[in-house]
Amino acid sequence: LTETELWMQDRGNARKALEQDPLFGAYKGSNVLMVQMESMQTFMLGKSIGGTEITPNLNKLMEESAYFANFYHQTSQGRTSDADFAVNCSLQPMKSGSVFIQYASHDFQCLPEKLKDNGYSASVFHPYQGGFWNRNVMYKNMEYDQFYSLKHYTMDEPLGWALGDKSFYRQSMDVVADLPQPFHAFMISLTSHHPYKLPKAEKKLNVEELDGTIMGDYLQAVHYADAALGELVERLKAEGLWEKTIFVLYGDHDNSIQDWDLYQRFMDNPSDPLEREQVIKSVPLLIHLPDGAHAGRYDAVGGQLDVSPTLLHLLGISAGEPYWLGQPLLTEQTGADRLVTQRNGSWTDGKHYYIPSADGLSANGKCYAVDTGELTDTAACLPLTESADTELMMSDRIVIGDLLGSFHNSEAVEVIGGQPSE
Ligand code: GP9
């Protein structure tokens, strides 16, 4: 076995060890409906502006679901496509560019393929041109049965970049209601996309002094996206699917707003570097189970790479093979210590948060204690900095070197330092 395969096997073995957990297979055979919400961050959840809740539907759903309060996106330059790849294929995105564009022909074993191997239908829905982020090609590789792109929708609610989320969910649900069960349906929302411009009639919040700013526009777009989400949940209930479906919702990435004065409305001290990093990287993850069990706040750290392992765990499908990096988040039995690695080399284990320096030298990075926000001894953080760097290197070897298909082939080619070598 190659060094990479052995390292990946350890990850697989950690998942396999959790197959004794009571939650492994507790929701076997359930449908899966997963929503990736555009630019949906954590910082404004539960908050009000001008006397109105910004995300009333998400807030309600957070109470009824397993809500992961310390969940991070792991995207890089590939933005929405990176979130999709990290969540569905449980590997790290590229440092620059997008796996969807650069490596769409490589072998990955992503969530739709794993679910189809276990009797599921698998469909993906996104109301934009199918070629954007090379989705037409990548989704075939990911083995979806069908990709519903802009051309499949009636443009009856033009909003933002294309079709408004309300119509998008409504038309997508017309398809989902007729899908063979169990189904895996993946919906990627769009209306809350930068630059967040909505017509006056759709701006329902009084954003007070943020009116006319990009932050005010962002909150209006989030409020609309939240209302659309509420309609989606109601429709699932009306179709009798809510009690048969694991409903997963997560934010894809940050909103690209880095004017910290605009955040002051929501946070006491946005000048603190750790808090800024956490604001940019924190996105929500909610998992609503068919029987509504296991609702509540979960504080253990997690990242997008952990979503698919979590789903297979609940469905009782083994993810012991060495093709993924993530670990199940929703377990009764305690798993391996968690480390969320960001593409830029920053990491957190829940206790510490490491932010690399511009020169990339580990000794020059800054390591913070999460509970106090104080700087800690960088040297004490070095072992985990090395673990994070190893994870990024192993993932790059697999993605760039197209190693997954060859793991059981003795002539496997490894990529060392980003370059293929025999
Ligand atoms: C459009 C949308 C773009 O299809 O996914 O998202 P982005 O990566 O620009 O956030």
Side-chain angles (χ1 to χ4, degrees), residues 34-44 72-89 91-104 110-112 123-142 144 146-153 155 157-169 171-172 185-198 214-215 217-222 224-225 228-229 232 248-258 279-284 304 307 342-344:
M34 187 156 77
V35 178
Q36 174 169 302
M37 281 185 93
E38 175 64 39
S39 304
M40 188 58 63
Q41 293 186 236
T42 303
F43 73 89
M44 71 289 165
Y72 297 92
H73 77 82
Q74 293 174 287
T75 67
S76 184
Q77 290 178 351
R79 304 291 279 166
T80 297
S81 71
D82 281 354
D84 192 332
F85 182 69
V87 164
N88 286 295
C89 307
L91 290 167
Q92 290 279 354
M94 290 289 98
K95 195 169 187 173
S96 60
S98 162
V99 177
F100 269 39
I101 291 174
Q102 292 164 278
Y103 302 108
C110 307
L111 185 66
S123 309
V124 52
F125 304 82
H126 179 60
Y128 203 60
Q129 276 104 17
F132 201 88
W133 285 127
N134 203 25
R135 285 184 173 105
N136 281 332
V137 176
M138 187 63 181
Y139 286 161
K140 274 203 180 77
N141 185 11
M142 290 165 80
Y144 285 105
Q146 182 69 47
F147 170 26
Y148 295 88
S149 65
L150 186 61
K151 67 179 182 192
H152 294 88
Y153 291 86
M155 188 52 75
E157 190 199 8
L159 207 54
W161 273 35
L163 181 68
D165 288 352
K166 288 184 181 177
S167 177
F168 165 60
Y169 291 140
Q171 293 186 57
S172 303
F186 179 40
M187 298 183 187
I188 304 160
S189 80
L190 186 57
T191 306
S192 45
H193 194 289
H194 191 276
Y196 315 114
K197 294 284 182 204
L198 291 185
I214 189 165
M215 182 64 86
D217 290 345
Y218 173 67
L219 296 180
Q220 298 283 11
V222 162
Y224 166 86
L229 179 77
L232 172 64
V248 182
L249 180 151
Y250 63 89
D252 60 354
H253 51 65
D254 62 274
N255 59 18
S256 307
I257 303 174
Q258 301 219 357
V279 167
I280 292 171
K281 295 286 167 54
S282 297
V283 294
Q304 289 172 330
V307 172
Q342 300 286 346
R343 182 63 256 194
N344 68 351

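Each ligand, and each atom within it, is numbered from 1 in the order the structure gives.
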Apply side-chain hydrogen bond (donor to acceptor under 3.5 Å, both in side chains) to the pair Ser172 and Tyr153, showing each step before the final yes or no.
-> CA-CA 8 Å; Ser172 303; Tyr153 291 86; 2.8 Å; yes
Stepwise side-chain hydrogen bond (donor to acceptor under 3.5 Å, both in side chains) check, Ser39 with Arg79 | CA-CA 10 Å; Ser39 304; Arg79 304 291 279 166; 5.6 Å; no
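The side chain to side chain donor-acceptor pair (under 3.5 Å) check on Gln220 picks up nothing, with sequence neighbours excluded.
Of the protein's non-hydrogen atoms, Arg135 NH2, 2.8 Å is the one closest to atom 5 (O) of ligand 1. Atom 10 (O) of ligand 1 has Thr80 OG1, 2.7 Å as its closest protein atom, hydrogens excluded (heavy atom only). Closest protein heavy atom to atom 9 (O) of ligand 1: His193 NE2, 2.8 Å.
For ligand 1 and Arg79, the ligand atoms under 4.0 Å from any heavy atom of the residue are 8 (O). In summary, the atoms of ligand 1 found under 4.0 Å from a heavy atom of Glu38, numbered by their order in the structure, are 6 (O), 10 (O). Each of the following atoms of ligand 1 lies closer than 4.0 Å to a heavy atom of Trp133: 3 (C), 6 (O), 7 (P), 8 (O). Counting atoms of ligand 1 from 1 in the listed order, those under 4.0 Å from a heavy atom of Tyr128 are 1 (C), 4 (O).
Using modelled atom types, one finds a donor on one side chain and an acceptor on the other under 3.5 Å when comparing Tyr139 with Asp84. Counted by atom type alone, Thr191 and Asp165 present one or more donor-acceptor pairs between their side chains at under 3.5 Å.
Looking at ligand 1, you'll find an N or O of His126 within less than 3.5 Å of one of its N or O atoms. No N or O atom of Trp161 sits closer than 3.5 Å to an N or O atom of ligand 1.
A salt bridge does not link Lys281 to Asp254: none of the charged side-chain nitrogens sits closer than 4.0 Å to a carboxylate oxygen.
The shell of residues lying under 4.0 angstrom from ligand 1, judged by heavy atoms, includes His253.
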Using distance only, find each side-chain donor-acceptor pair of residues 123-132 under 3.5 Å and give its atom names and separation, not counting sequence neighbours.
unit_1 : atom_1 : unit_2 : atom_2 : d
His126 : ND1    : Ile188 : O      : 2.9
His126 : NE2    : Arg135 : NH1    : 3.3

